[in-house]
**Q** 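Here you go, one structure.
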Protein chains: 2
Amino acid sequence: MTAMPNPHHDPDLSTVWLRAFLQVARHGSFTVAARTLGWTQSAVSRQVAALEAALADGPLFDRLPRGVRLTEAGRVLVPYAETVVEAVHGAARRLQEVREVAGGRLRFGAFATADAALVPHALAAFRARHPRVRLSREEGFTPGLLDRLSAGHLDLAVVSTTGGAPLDAYELHHLLDESLYVAVSADHPLAGHEGPVRLGLLADADWISGSPRPEGTLLDTALRQGFRPRVAHVVGEWTAKQGYVAAGLGVTLVPALAAESVRPDVALLPVLDEGAPARAVYAAIARGRSPAPAAQAFVTALREAVTRIPACLNGPMA
Amino acid sequence: MTAMPNPHHDPDLSTVWLRAFLQVARHGSFTVAARTLGWTQSAVSRQVAALEAALADGPLFDRLPRGVRLTEAGRVLVPYAETVVEAVHGAARRLQEVREVAGGRLRFGAFATADAALVPHALAAFRARHPRVRLSREEGFTPGLLDRLSAGHLDLAVVSTTGGAPLDAYELHHLLDESLYVAVSADHPLAGHEGPVRLGLLADADWISGSPRPEGTLLDTALRQGFRPRVAHVVGEWTAKQGYVAAGLGVTLVPALAAESVRPDVALLPVLDEGAPARAVYAAIARGRSPAPAAQAFVTALREAVTRIPACLNGPMA
DNA sequence: GCCGCGCGATGCCACAAGCGAATGTCTAGC
DNA sequence: GCTAGACATTCGCTTGTGGCATCGCGCGGC
């Protein structure tokens, strides 16, 4: 058994060598190849020599008096070299596309009421601007969305401060501060009320909420205004909630983003915010992780969408 | 219009960078990847950094507290990097095969009588020994074969000295010196002659030849022996020639390589060679051109085949 | 038949890239 | 707060790489 000269390790070589090799193969001349590549003839000579030493262990060209011609080994190598050069070129092109948001993918999530008005506008603008980005969408509540963001299953999430989850682990882009409305049935005593109402006026009302406890929901606002609302009905779905309100079974809070889609037999009264605005809406990106370029573009689209939605406070908060 | 940072030139990069990148992507760790590659961690760090600078213009990995994770750009790059690495590996393997005559191709040609006995033996041995070489065969006359050799359409040709073509432009491997027979009909007066005959005895016979003029054919021998044979019939095909001879229409010269396949009603008389042997048979390879490795192996097979053919002079000529 | 010309190889030099080893920085976990 | 793990960075040195000039070698013109 003789010692193997090339112990099954892939040789390492520069793509420059392969490009030089292909040009020489095409033109049949080191000198011409050098001109097309913008190098000197000696450089090409050495590059081919390097390739012959590293990969072929023998000549790839026959050096003839006028120019060169491929050997058998060279002829075998050509398609492989082309594969490599084309793969590198293709990779560069695809990465360029990703940088220019003309490719790649964006996985984002949003909470339900953001999906009602904000996300569709942003989505339409984004698709128009970056048609080649593959989009995938999820719906969920803020805590769950943030978890999926941390786990790397999402690139971006539209979340709100409601829920009190710690947001400092994320890169937040403030979108808007959402004002609140209180929804009452059209024949409720306050239905014709002019101007913002204090929630305290409804301290004795029956409340309809998505959760039996007000903490961590929109009803946090009521707690901050000094009373503990009595939750008479637990209803999750917004359409169902409207039904309860219209039937006079109680009142409920409506975020501004959902205000556009209210049925006519329900009246919306703006809530007087005495402290901080009810809740802020953010686009969140996992901090420290380099953002998908499409995520930055999507934040821009969300920002623009905000300006097209009435009934929102575009807060000055940083 | 901003200046383009990457003006459509393919970046040049080392395959080492891509291998490092793939190992890091697989293991999610620079350190582990470095161990599997047999380098230090700093080397891998810089290789990935080089790739990021050359190709991606941005990070390919998110550097997390524990290990790393692919970015969007990195995820896009993986299949391209795999393509490149596999192409390089495949090229190395195929070139190795060519070196070991376990692949590639061999295009050879031979003159017709060599195809009768010599080539089939060599071919069988070669195929058994190098089954993965793709073979292509041509038949022709020596001058035509040499032309195709020069033009690069053949890798090897089995040729003879007959025809007087200049052979010094080729790398010649002497195979054998062929003795000649004269074929006469079984009832010819010389049919029972003992020992070699002088061609002069047949100076007045009708000759059968492949060409109306004796120059450049086997009948050159007659010219050297001092008479000009009268060509009565021009017959190219060897089987047809035998028919003419058997019918008593004339005599003809038979090279030793064709002696085995003579019909019983034709008698073969060895020709007394007074000068140089009748003709030499060579394996010819274009000089200066690096031979297909398979060509060298085929020469060996031809040499071995010679030893299995009787009725030939294995000449001592260099 | 001699000389010039074209083409590839090579020696030389300067410069940049890449390596290993050691050190720095950041984070998680105890 | 301290340690351990993981990646980045720095330093000195080696190696590789390109440009320039030159050499060797066929071929073709005169």
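Residue numbers begin at 1 in each chain, while the letters A, B, ... track the order of the sequences.
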**Q** Look at all strands and tell whether B:Thr31 reaches a base, only sugar-phosphate, or nothing, counting heavy atoms closer than 4.0 Å.
**A**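 B:Thr31: backbone/sugar contact only, no base atoms under 4.0 Å.
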**Q** Taking atom P of C:dG8 as reference, at what distance in whole Å does atom CG of A:Leu60 sit?
**A**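 From A:Leu60 CG to C:dG8 P: 15 Å.
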**Q** Any sub-3.5 Å donor-acceptor pair from A:Glu52's side-chain atoms to A:Leu60's backbone N or O?
**A**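 Yes, A:Glu52 side chain to A:Leu60 backbone: donor-acceptor pair under 3.5 Å.
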**Q** For the residue pair B:Thr36 and B:Gln23, confirm or rule out a side-chain donor-acceptor distance under 3.5 Å.
**A**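 Yes - a donor-acceptor pair under 3.5 Å links their side chains.
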**Q** Starting at atom CZ of A:Phe30, determine the distance to atom C1' of C:dT10, rounded to an integer number of angstrom.
**A**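 Value for this atom pair: 13 Å.
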**Q** Roughly how many Å is it from CD in A:Glu52 to P in C:dG8, rounded to a whole number?
**A**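 So the two atoms are 13 Å apart, to the nearest Å.
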**Q** Give the rounded distance in Å between these two atoms: CZ of A:Arg35 and C1' of C:dG6.
**A**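 Rounding to the nearest Å, CZ of A:Arg35 and C1' of C:dG6 are 11 Å apart.
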**Q** What does B:Gln41 touch in the nucleic acid at a heavy-atom separation under 4.0 angstrom: a base, only the sugar-phosphate, or nothing?
**A**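 Base contact.
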**Q** For the pair made of CG in A:Asp62 and C1' in C:dG8, what is the distance, rounded to whole Å?
**A**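 Going from A:Asp62 (CG) to C:dG8 (C1'), I get 13 Å.
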**Q** Assuming nearest nucleotide by heavy-atom distance, tell me which of B:Ser42 and A:Ser42 is located more 5' along DNA chain D.
**A**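 The 5'-side residue here is B:Ser42.
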**Q** Please check if any side-chain donor atom of B:Arg46 sits under 3.5 Å from a side-chain acceptor atom of B:Ser42, or the reverse.
**A**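 Note: B:Arg46 and B:Ser42 side chains meet the donor-acceptor criterion.
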**Q** With the threshold set at 4.0 Å, does a side-chain nitrogen-carboxylate oxygen contact exist between A:Glu82 and A:Arg26?
**A**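 Salt bridge: yes.
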**Q** Roughly, in whole Å, what's the span from CH2 in A:Trp39 to P in C:dG8?
**A**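 For the pair A:Trp39 CH2 and C:dG8 P, the rounded distance is 16 Å.
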**Q** Between B:Glu138 and B:Arg107, does at least one N-O distance fall below 4.0 Å, as a salt bridge requires?
**A**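 Looking at B:Glu138 and B:Arg107, the cut-off is not met.
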**Q** Closer than 4.0 Å, any side-chain N/O of B:Ser14 to the OP1 or OP2 of C:dG18?
**A**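 No, because none of the side-chain N or O atoms of B:Ser14 sits under 4.0 Å from OP1 or OP2 of C:dG18.
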**Q** Going 5' to 3' along DNA chain D, between which two nucleotides do contacts with chain B fall, using a heavy-atom cut-off of 4.0 Å?
**A**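 From 5' to 3', the first and last contacting nucleotides are D:dA6 to D:dT9.
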**Q** Looking at A:Arg46 and C:dG11, is any side-chain donor or acceptor paired with a base atom of the opposite kind under 3.5 Å?
**A**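 It does, because a donor-acceptor pair links the side chain of A:Arg46 to the base of C:dG11 below 3.5 Å.
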**Q** Examine the side chains of B:Gln96 and B:Arg99 and answer whether a donor and an acceptor come within less than 3.5 Å of each other.
**A**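 There is such a pair (donor and acceptor under 3.5 Å, judged by atom type) between the side chains of B:Gln96 and B:Arg99.
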**Q** Using side-chain heavy atoms (C-beta onward) and a distance below 4.5 Å, is A:Gln47 in contact with A:Arg19?
**A**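 Side chain of A:Gln47 against side chain of A:Arg19, heavy atoms only: no contact under 4.5 Å found.
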